[in-house]
2 protein chains.
Amino acid sequence: MQGLARQSLTDRGGAERGLADRAAAPQPDFRPGLDGKGPLFGQIKRAVAGQILRGHWQAGERLPNEEQLSSLYGVSRQTVHKAIALLAREGFLVRRRRAGTFVATGRHDRFALPIEDIGDVVARAGSLYEFRILDRRSLRNGEAVRWPDVPDGTPILSLDCLHLSDGTPIQFERRLVNLDAVPEVAAEPFDSVPPSRWLVDQVPWSSAEHTVRAVNATADMAALLGVEPGAACLSIRRQTVHLNRAITLVHFLSVGDRFSLSGASITDSATELNL
Amino acid sequence: MQGLARQSLTDRGGAERGLADRAAAPQPDFRPGLDGKGPLFGQIKRAVAGQILRGHWQAGERLPNEEQLSSLYGVSRQTVHKAIALLAREGFLVRRRRAGTFVATGRHDRFALPIEDIGDVVARAGSLYEFRILDRRSLRNGEAVRWPDVPDGTPILSLDCLHLSDGTPIQFERRLVNLDAVPEVAAEPFDSVPPSRWLVDQVPWSSAEHTVRAVNATADMAALLGVEPGAACLSIRRQTVHLNRAITLVHFLSVGDRFSLSGASITDSATELNL
DNA sequence: CGTCTTATTTTGTACATACATTATCGCACC
DNA sequence: GGTGCGATAATGTATGTACAAAATAAGACG
């Protein structure tokens with residue numbers, strides 16, 4: 001019986017439903033509140049997220065339970081469950097067994113700034129991207145530099161690299177790579193692929209730490225980047241870790257008025273909602 | 001038959017399975033590759049993500065299909081489907097009908113930096129957080145300031161605010177709020193709750209744009225923040241939008257050596273994997 | 001030999017069912 | 001009146017089943 005009752009996914013109108021199995025429902029055919037676009041669980045997600053984003057369901061408020069929602073929208077409990085569980089996973093809702101489902105509060109502090117590869121940024125701006133390896137040396141941790149999260153004596157590759165946009169220096173990069181974790185890097189010449197991209201392509205990572213600060217350029221950095229000493233620069237420190245081992249530690253230094261971090265963060269469900 | 005075959009969720013050992021339905025499988029009881037912790041679909045997620053993160057399944061490689069995985073792990077296809085579909089949603093895998101499931105390539109450029117409320121940051125550092133409203137005025141867009149993404153003539157609230165940590169100024173904030181979108185803000189005195197937090201609590205947003213730059217402090221900003229002119233400062237611009245209407249536009253200016261953005265981004269599945 | 005059509009494989013969605021899990025509510029009992 | 005404990009209501013997980021949708025592969029036909 002339900003086989004016939006399922007909404008056809010080709011004919012998006014949803015107007016051909018049988019009604020034998022839900023004689024009680026006053027609306028015969030169209031499912032109220034749903035837009036008929038795409039899979040049912042997605043329609044329910046949109047419907048529920050819409051209620052929240054439009055302010056009809058306030059933060060902290062309790063939603064109807066799965067049973068009620070399922071009869072409200074005219075779908076099975078599992079379909080409702082999938083939609084609601086996804087919204088909960090995305091942070092829109094909070095669910096507690098026995099207690100119910102609530103609109104999440106304070107989800108708004110989750111601003112995030114995507115940090116992209118400098119080569120991509122330059123290329124997308126339509127400029128010519130180049131880089132130069134300024135220095136490359138193999139050493140052991142604790143000798144000339146100390147990398148706190150790696151044991152002393154670990155073999156390390158140290159790389160200094162300058163990134164240019166249309167011939168103008170925009171970013172200096174000092175990178176340490178853990179040769180115990182990534183021995184292949186020792187054989188890589190980096191004559192066409194910059195170290196950042198090479199690592200990103202070759203080595204998986206499971207977590208990364210970032211610190212972004214503003215600093216005044218020192219004399220030598222100013223000379224390298226072609227600015228006057230004291231110019232404001234963006235300093236980004238990144239350490240990536242995989243399987244509990246530090247992979248690489250990088251310091252980027254970028255000229256303040258030639259480089260900025262920017263990006264749009266979008267609420268997951270807003271994407272699907274086109275809000 | 002399958003009802004009995006289901007793994008008990010209380011006895012986590014998983015040692016009580018019947019084997020009538022899979023006589024071909026040589027391992028009789030324990031499901032191979034699974035750790036017995038938590039729900040089955042989560043175990044499968046960990047098992048699969050582990051194969052990838054440990055490098056046993058390389059980027060671009062094709063995975064066994066759902067049928068094969070289900071008999072490999074000794075669970076139903078739906079359970080496998082749920083696990084794999086979640087991994088795909090998290091960006092670990094790419095799925096194409098008829099073609100199969102593949103390990104995603106190039107997922108590594110997705111570094112993200114969380115941007116937190118300054119009050120939270122100061123409080124977590126164990127310092128005393130205070131703020132002062134320096135200026136507050138109502139005006140119309142285009143009069144003294146122009147907010148590009150809002151129509152001219154729209155009523156706007158402009159706020160200048162200084163944030164302090166243990167009495168030391170660390171951040172200056174200049175904020176514009178769209179009074180058409182958030183009329184309630186006109187009545188809010190902001191004597192105990194800072195504007196940032198008030199807005200975050202009151203108004204939902206569906207997308208936000210950030211730009212982070214490094215700038216040298218101008219004379220007046222330097223005076224406000226108590227640094228010498230020219231000191232490197234972090235400049236953050238944020239515009240939040242909801243239902244296609246700009247809600248608020250903020251400029252934060254923070255002293256370089258008193259404030260930094262930092263945060264850890266973790267691969268979703270790595271969280272569950274404890275890698 | 002190329003092109004169109006048809007078959008097949010694989011993932012995607014929906015529903016039913018059953019039971020597990022967990023927090024809350026309310027009542028009995030001290 | 002508090003306290004514990006069992007009933008209960010809600011979500012969570014697992015499986016079976018049945019199709020739908022999409023994309024590739026294979027074959028028919030010009």
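The chains referred to below are lettered A, B, ... by the order of the sequence lines, with proteins before strands, and numbering in each begins at 1.
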From CA spacing to verdict: side-chain contact (heavy atoms from CB on, under 4.5 Å), A:Val48, A:Leu63: CA-CA 9 Å; A:Val48 171; A:Leu63 269 65; 4.0 Å; yes
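OP1 or OP2 of C:dT13 has not a single side-chain nitrogen or oxygen of A:Thr79 nearer than 4.0 Å. Neither OP1 nor OP2 of C:dT10 sits under 4.0 Å from any side-chain N or O of B:Thr101. In this structure, A:Lys82 reaches the C:dT13 phosphate: one of its side-chain N or O atoms is under 4.0 Å from OP1 or OP2.
Residue A:Asn65 places its side chain closer to D:dT11 than to any other of D:dT15, D:dT11, D:dT24. Nearest to the side-chain atoms of B:Ser76 among the listed nucleotides D:dT15, C:dT13, C:dC19 stands D:dT15. With C:dA14, C:dA23, D:dT15 as the candidates, the nucleotide lying closest to the side chain of A:Arg96 is C:dA23. Among D:dC19, C:dC19, C:dT10, the nucleotide with an atom closest to any side-chain atom of B:Arg62 is C:dT10.
In this structure, B:Glu66 places its CD atom 16 Å from P of D:dA22, rounding to the nearest Å. Per the geometry, CD1 belonging to B:Ile84 stands 15 Å off P belonging to C:dT10, to the nearest Å. Distance A:Leu86 CG to C:dG12 P: 13 Å, rounded to the nearest Å. In this structure, the NZ atom of A:Lys45 is 11 Å from the P atom of C:dT13, given to the nearest Å. Rounded to a whole Å, the CD atom of A:Glu67 is 14 Å from the P atom of D:dG12. Between the CZ atom of B:Arg95 and the C1' atom of C:dT13 there is a distance of 13 Å, rounded to whole Å. Atom pair A:Arg89:CZ and D:dG12:P shows a separation of 10 Å (rounding to whole Å applied). Regarding B:Gln68, its CD atom lies at a distance of 10 Å from the C1' atom of C:dT10, rounded to whole Å.
If you check distances only, the side chain of A:Arg97 does reach the base of C:dT21 with a donor-acceptor pair under 3.5 Å. Between the side chain of A:Arg98 and the base of C:dT24 there is at least one donor-acceptor pair of N/O atoms closer than 3.5 Å.
Aromatic ring centres of B:Trp57 and B:Phe102 lie farther apart than the 6.0 Å criterion allows.
The aromatic rings of B:Phe252 and B:His163 sit tilted, their planes meeting at an angle between 30° and 60°.
In this model, no donor atom of one side chain and acceptor atom of the other lie less than 3.5 Å apart for B:Ser70 and B:Arg77. When only modelled atom types and interatomic distance are considered, A:Thr248 and A:Arg175 share a side-chain donor-acceptor pair under 3.5 Å.
Residue B:Ala99 is the one, among B:His81 and B:Ala99, whose nearest nucleotide of DNA chain C lies closer to the 5' end (criterion: closest heavy atom).
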